[in-house]
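Remember, it's a predicted structure, so these values are computed and weren't measured experimentally.
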Amino acid sequence: MIYLHKILPLFVMPLILLFLSIFLGTYFKKKKVIYSSLVLFYIISTPFFSENFFKVVEGQYIKLEIEKINEVDAIVVLSGSIRINEIKNKYNIEWGDADRFFGGLKLHKEKKSKQIVFTGGKMQYNLTKLSEGDILKKYAIEYGINAEDILVTKDALNTFEESEAVQELLGENKSIILVTSAFHMKRAKKLFQQKGFNVTAYKVDYKTAPTVKVNFINLIPSASSLYKTEIGFREILGRLYYNLLLQEKI
């Protein structure tokens, strides 16, 4: 099931849908279908569309003032900061969204909780011996965090498993500051609340500016803009999937 919900969205991504619509339009000799698909593909590939679309996915641009955040039982940093390349029992680490890691460290150093939790994230298609949590714990110690203040959950392959692993580690009815990327927060917060946590959402890694300016460059399509549109689309599909999953469990 865990692989199914990762694979199925591939078949409704914009690029796949474009190829499918062109094929069907050609097969059934429907030029309007082909032209309409190309126009739509052009639109969603522009920075103007992708930025505005992603702003909707991320929600309101809010940077919480740390001094106004109440102390909690634990700071929980979700995986997604690094990529682990395992080569003959050696590890090469590449940073992606480092804001999650440094956001968690900042909250800890400001004494919002004595406990900081890194989830044991692993990629389904790259199951390394070490989890992301194992790696981030080592980095956190190098940045001056006491080892006894750091907890790492068991391995987790997605956000739902992360919420289960954190509940198993911390126990019931705990208050947490949840640290993850802005576009991922809505889904993550809901999953952790469903597990009984009192969640303070600490969004980091905003991928869009507070305001999107309109100019000629923003109307020129690009691969990076299409990629951002697809990330946003994936996140929306993920929310729909977990909404259905939670309803079934209720």
Colleague: Please check this pair: side chain of Asn146 against backbone of Asp149, looking for a donor-acceptor N/O pair closer than 3.5 Å.
Modeller: no

Colleague: After noting the C-alpha distance and the side-chain angles of Glu142 and Lys138, does the key distance pass the salt bridge (Lys or Arg N to Asp or Glu O under 4.0 Å) rule?
Modeller: CA-CA 6 Å; Glu142 291 178 5; Lys138 293 180 180 180; over 6 Å; no

Colleague: Check for a donor-acceptor pair, side chain of Tyr206 on one end and backbone N or O of Lys63 on the other, with a separation under 3.5 Å.
Modeller: no

Colleague: Given 3.5 Å as the limit, does a donor-acceptor pair link the side chain of Thr159 with the main chain of Ala188, or not?
Modeller: no

Colleague: Who pairs with Asp99 by salt bridge (charged side-chain N to carboxylate O under 4.0 Å, His left out), at least two apart in sequence or on another chain?
Modeller: none

Colleague: Is it true that Glu65 and Lys68 make a salt bridge, defined as a side-chain N closer than 4.0 Å to a carboxylate O?
Modeller: yes

Colleague: Indicate the ring-plane relationship of Tyr143 and Phe102, choosing parallel, tilted or perpendicular according to the 30° and 60° boundaries.
Modeller: perpendicular

Colleague: Would Glu235 and Arg187 pass as an ion pair if we require N to O under 4.0 Å?
Modeller: yes

Colleague: Does anything in residues 176-202 pair up under ring pair (Phe, Tyr, Trp, His ring centres under 6.0 Å), and if so which pairs, sequence neighbours excluded?
Modeller: Phe54-Phe183, Phe192-Phe197

Colleague: Just jot down the ring pair (Phe, Tyr, Trp, His ring centres under 6.0 Å) partners of Phe23, sequence neighbours excluded, or say none.
Modeller: none

Colleague: Would you find a donor on one side and an acceptor on the other, under 3.5 Å apart, between the side chain of Lys112 and the backbone of Ile66?
Modeller: yes

Colleague: Flag yes if more than 12 heavy atoms outside Gln60 fall under 6.0 Å of its CD atom; otherwise flag no.
Modeller: no

Colleague: For Val199, is there any backbone N or O sitting under 3.5 Å from a side-chain donor or acceptor partner on Gln193?
Modeller: no

Colleague: Give the C-alpha distance, both sets of side-chain angles, the deciding distance and a yes or no for side chain to side chain contact (heavy atoms under 4.5 Å, CB included) between Ile145 and Lys109.
Modeller: CA-CA 8 Å; Ile145 306 298; Lys109 290 185 177 181; 4.0 Å; yes

Colleague: Quick one: are Val117 and Val77 in side-chain contact, heavy atoms under 4.5 Å?
Modeller: no

Colleague: Look at the side chain of His108 and the backbone N and O of Lys114, then say whether any donor-acceptor pair between them is shorter than 3.5 Å.
Modeller: yes

Colleague: Indicate whether the side chain of Thr119 and that of Glu162 have a donor and an acceptor atom separated by less than 3.5 Å.
Modeller: yes

Colleague: So do Leu151 and Ile116 actually touch side chain to side chain, heavy atoms under 4.5 Å?
Modeller: no

Colleague: Should Lys122 and Glu132 be marked as a salt bridge (Lys or Arg N to Asp or Glu O under 4.0 Å) after you check the CA-CA gap, both sets of side-chain angles, and the distance that decides it?
Modeller: CA-CA 6 Å; Lys122 287 189 175 182; Glu132 181 168 330; over 6 Å; no

Colleague: Within the supplied structure, the quantity of interest is the number of heavy atoms (other residues, nucleotides, ligands) at a distance under 6.0 Å from Lys186 NZ; does it exceed 12?
Modeller: no

Colleague: Please list, chain by chain and in numerical order, all residues satisfying side chain to side chain contact (heavy atoms under 4.5 Å, CB included) with Thr200, sequence neighbours excluded.
Modeller: Leu64, Ile69, Ile177

Colleague: For the backbone of Ala74 and the side chain of Lys174, can you confirm whether one donor and one acceptor N or O come within less than 3.5 Å of each other?
Modeller: no

Colleague: With the side chain counted from C-beta on, respond yes when Glu71 and Lys111 share a heavy-atom pair under 4.5 Å apart, and no when they do not.
Modeller: no

Colleague: Can a salt bridge be assigned to the pair Lys195 and Glu164 using a cut-off of 4.0 Å between side-chain N and carboxylate O?
Modeller: yes

Colleague: Is it true that a side-chain atom of Asn218 and a backbone atom of Lys213 form a donor plus acceptor pair closer than 3.5 Å?
Modeller: yes

Colleague: Whether Glu110 and Lys106 form a salt bridge (side-chain N of Lys/Arg under 4.0 Å from carboxylate O of Asp/Glu) is what I want to check.
Modeller: no

Colleague: Between Ser81 and Asp97, is there a donor-acceptor pair closer than 3.5 Å when you use the side chain of the first and the backbone of the second?
Modeller: yes

Colleague: Under 3.5 Å, side chain of Arg100 to main-chain N/O of Ser79, donor-acceptor pair present?
Modeller: yes

Colleague: Any side-chain heavy atom of Met123 sitting closer than 4.5 Å to one from Leu157?
Modeller: no

Colleague: Just by distance, no angles: are the side chains of Ser163 and Gln194 close enough, under 3.5 Å, to form a donor-acceptor pair?
Modeller: no

Colleague: Hey, are the side chains of Val76 and Val179 touching, using non-hydrogen atoms and a 4.5 Å cut-off?
Modeller: no

Colleague: Only pairs at least two apart or in different chains count here, so list each side chain to side chain donor-acceptor pair (under 3.5 Å) that has a residue in residues 33-52.
Modeller: Ser21-Ser37, Glu51-Lys228

Colleague: Can you tell if the side chain of Ile231 reaches within under 4.5 Å of the side chain of Phe53, non-hydrogen atoms only?
Modeller: no

Colleague: Kindly determine whether Lys154 and Glu168 satisfy salt bridge (Lys or Arg N to Asp or Glu O under 4.0 Å), including the steps that lead there.
Modeller: CA-CA 9 Å; Lys154 66 181 182 181; Glu168 183 179 315; 3.0 Å; yes

Colleague: Could you check Lys90 against Asn85 for side-chain hydrogen bond (donor to acceptor under 3.5 Å, both in side chains), going step by step and ending with a plain yes or no?
Modeller: CA-CA 8 Å; Lys90 293 184 179 180; Asn85 298 315; over 6 Å; no

Colleague: Does Val204 reach the side chain of Thr180, with side-chain heavy atoms less than 4.5 Å apart?
Modeller: no

Colleague: Which residues satisfy the side chain to side chain contact (heavy atoms under 4.5 Å, CB included) test with Ser175, sequence neighbours excluded?
Modeller: Val72, Asp73, Asn198

